[in-house]
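Here the structure is laid out as structure tokens; the discussion comes afterwards.
Residue numbers run from 1 in the order of the sequence given. What you see is a predicted model, and the numbers here were worked out from it, not measured in a lab.
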Amino acid sequence: MTARLAVALLGCGGIGARHADAVAKLPAVMHLVACCGREIEKTAAFAARYGAKPFVDFDRMLEMTQPDLLIVALPPFAHQGQVEAAARAGVNLLVEKPIALTMERAEAQVAAARDVVASCGFMYRHGAATRAWDAASARGESGTAGHFSAQFHSNALHAPWWRERDKAGGQMVEQLIHLIDLARHTLGMPQTVYARAANLYHRDVERYDTEDVSAIILGYDDGRIGVLHASNAAVPGKWAKQWQVVARRMTGQFTDWNNADFFATGSQAAPLKIRDERDVFVAQLGDLAEAIRLRRPPLVPLADGAASLKIALAARQSADERREIAL
Ligand SMILES: NC(=O)c1ccc[n+]([C@@H]2O[C@H](COP(=O)([O-])OP(=O)(O)OC[C@H]3O[C@@H](n4cnc5c(N)ncnc54)[C@H](O)[C@@H]3O)[C@@H](O)[C@H]2O)c1
């Protein structure tokens, strides 16, 4: 029998808890041994919920526990070489998006992690509907995807760091990046990025200096198009995240990562309905565990975190400079 993977967690906030819960749902495969936060009391309380050992010193956690897998759930601004240090110590990685706020740091992480199994937390890619589309595409059923459109509309103040562009990157970099990643995964890397963005509704909220409305066009020299839009001023408590792929022989309308209708182009037949309730955080960890065991690449390599960040940063630059950016 293979030994269970020892998992350590860096960052014990909202998504850190989501990952810890997901680890607990795979007791035969992995277990949480340690977690690292900034405040000892809060971290100890968090660790106690999962039977893990609390740390406030990341290097000490690595040294003392030598985990098989480190989940990095830090806010973007807090990335200061921890991913690189863990990779150099031979620790496999799951790094939350956005993996960094600059391409320099993102590329340094990818380079440092070349000899470990390293994944980016784009969990939309693990959904049943997303995987079904990928499978149909791989079988040649969909034909070439020519148009990808997506939206991400919320209305929440989020954590204080989230509102500050220097700390979080802005809504395009911090949230819409999930859908930018799906666009890139579906259509490939665009040749150009054009975006508009503004803070329309939160100028009087202290330290809220990021955009709350945005739109992005991804351009491809052969004519294919990606279009994404977002806001943080829509229906409070609702997170409207839908997307559509129009391909030569098939159109996929996704209401979320587990649910979609696939329509065959030119046919009146009822669509293929994908309906599923899988926990994508558990699926993500299951994939990683298998990748570590078989030494195969994970479904979402860390390099995808860098590639999609490149598009998000180009969108931000485009909006700032009001011009199209060539990648
Ligand atoms: N995959 C998703 O859908 C999803 C959802 C939410 C957040 N995220 C991402 O996860 C990351 C964290 O977001 P969150 O919502 O959990 O934030 P959060 O503010 O709820 O939690 C972040 C935690 O990290 C801790 N922290 C900050 N600096 C630290 C340091 N140097 N060492 C140890 N701990 C430190 C904070 O004290 C806090 O507990 C962000 O990059 C965010 O984009 C992803």
Side-chain angles (χ1 to χ4, degrees), residues 5 7-11 13-16 18-19 22-23 30 67-88 91-127 130-131 134 150 152 168-189 228 241 243 257 279-292 295-315:
L5 297 175
V7 181
L9 174 68
L10 174 61
I15 205 68
R18 192 73 189 76
H19 287 299
V23 170
M30 56 178 67
D68 300 302
L69 171 66
L70 174 71
I71 301 174
V72 181
L74 291 175
F77 68 89
H79 281 277
Q80 279 153 8
Q82 302 95 331
V83 168
E84 293 92 315
R88 279 196 299 271
V91 179
N92 303 297
L93 287 154
L94 171 60
V95 185
E96 264 305 338
K97 43 50 66 176
I99 65 168
L101 291 175
T102 64
M103 285 315 293
E104 290 74 15
R105 180 154 298 287
E107 281 161 3
Q109 291 179 2
V110 173
R114 65 184 167 269
D115 295 330
V116 297
V117 174
S119 179
C120 174
F122 288 133
M123 78 294 179
Y124 287 47
R125 300 258 298 271
H126 293 270
T130 325
R131 298 299 308 273
D134 286 351
F152 192 117
Q171 192 180 21
M172 292 187 288
V173 168
E174 208 275 346
Q175 284 181 330
L176 196 52
I177 195 164
H178 275 301
L179 293 153
I180 291 173
D181 178 69
L182 282 184
R184 187 196 54 76
H185 177 64
T186 308
L187 299 175
M189 202 67 181
L228 305 106
K241 307 175 271 191
W243 63 100
W257 48 67
D279 181 332
V280 284
F281 288 92
V282 174
Q284 176 171 253
L285 287 175
D287 170 69
L288 254 176
E290 192 186 270
I292 291 167
R295 303 305 296 174
R296 65 152 170 82
L299 183 72
V300 184
L302 190 62
D304 285 16
S308 296
L309 180 68
K310 188 171 188 173
I311 299 173
L313 291 176

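- Rounding to the nearest 0.5 Å places CD of Q80 at 8.5 Å from CG of L74.
- Counting all heavy atoms, side chain and backbone alike, L182 lies closest to T130 at CD2-CG2, 3.8 Å.
- For N92, there are no side chain to side chain donor-acceptor pair (under 3.5 Å) partners at least two apart in sequence or on another chain.
- Nearest heavy-atom pair across L9 and G16 is CD2-O, 3.5 Å.
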Using atom types as modelled, flag every donor-acceptor pair under 3.5 Å from a side chain in residues 280-287 to any protein atom, sequence neighbours excluded.
from : atom 1 : to   : atom 2 : distance (Å)
D287 : OD1    : R296 : NH1    : 3.1
D287 : OD1    : R296 : NH2    : 3.0
D287 : OD2    : L299 : N      : 2.8

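- In this structure, V116 and A87 approach most closely via the heavy-atom pair CG1-O, 3.8 Å.
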#### Entry: Check against side chain to side chain contact (heavy atoms under 4.5 Å, CB included), L69 and V23
CA-CA 11 Å; L69 171 66; V23 170; over 6 Å; no
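- To the nearest 0.5 angstrom, L101 atom CG is 8.0 Å from H79 atom NE2.
- Atom CG of residue L94 and atom CG of residue L10 lie 12.0 Å apart, to the nearest 0.5 angstrom.
- Atom OG of S119 sits about 8.5 Å away from atom CZ of R125, to the nearest 0.5 Å.
- Side-chain N or O atoms of S308 include none that pairs as donor or acceptor with a backbone N or O of I177 at under 3.5 Å.
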### Task
Kindly indicate, with the supporting measurements, whether the criterion side chain to side chain contact (heavy atoms under 4.5 Å, CB included) is fulfilled by I292 and L5.
CA-CA 9 Å; I292 291 167; L5 297 175; 4.0 Å; yes
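- By the 4.0 Å N-to-carboxylate-O rule, K97 lies too far from D181 to be salt-bridged with it.
- The aromatic rings of Y124 and H178 sit parallel, their planes meeting at an angle under 30°, below the 60° perpendicular limit.
- What you find for A86 and L93 is that their closest heavy atoms are CB-CD2, 4.0 Å.
- Considering every non-hydrogen atom in both G81 and R105, the closest pair reads N-NH1, 3.2 Å.
- A salt bridge links D304 with R184; the closest basic N to acidic carboxylate O contact falls under 4.0 Å.
- Remark: of the listed residues L313, V173, I180, V173 is the sole one forming a side-chain contact (heavy atoms from CB on, under 4.5 Å) with P98.
- A distance of 8.0 Å separates CE of M123 from NE2 of H19, quoted to the nearest 0.5 Å.
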#### Entry: Test side chain to side chain contact (heavy atoms under 4.5 Å, CB included) applied to R295 and V117, step by step
CA-CA 7 Å; R295 303 305 296 174; V117 174; 4.0 Å; yes
### Query
Can you list the steps and then say if H185 with V300 is a side chain to side chain contact (heavy atoms under 4.5 Å, CB included)?
CA-CA 10 Å; H185 177 64; V300 184; over 6 Å; no
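- In this structure, Q109 contributes its side chain and I99 its backbone to a donor-acceptor pair below 3.5 Å.
- The shortest heavy-atom contact between P298 and L288 is CB-CD2, 4.4 Å.
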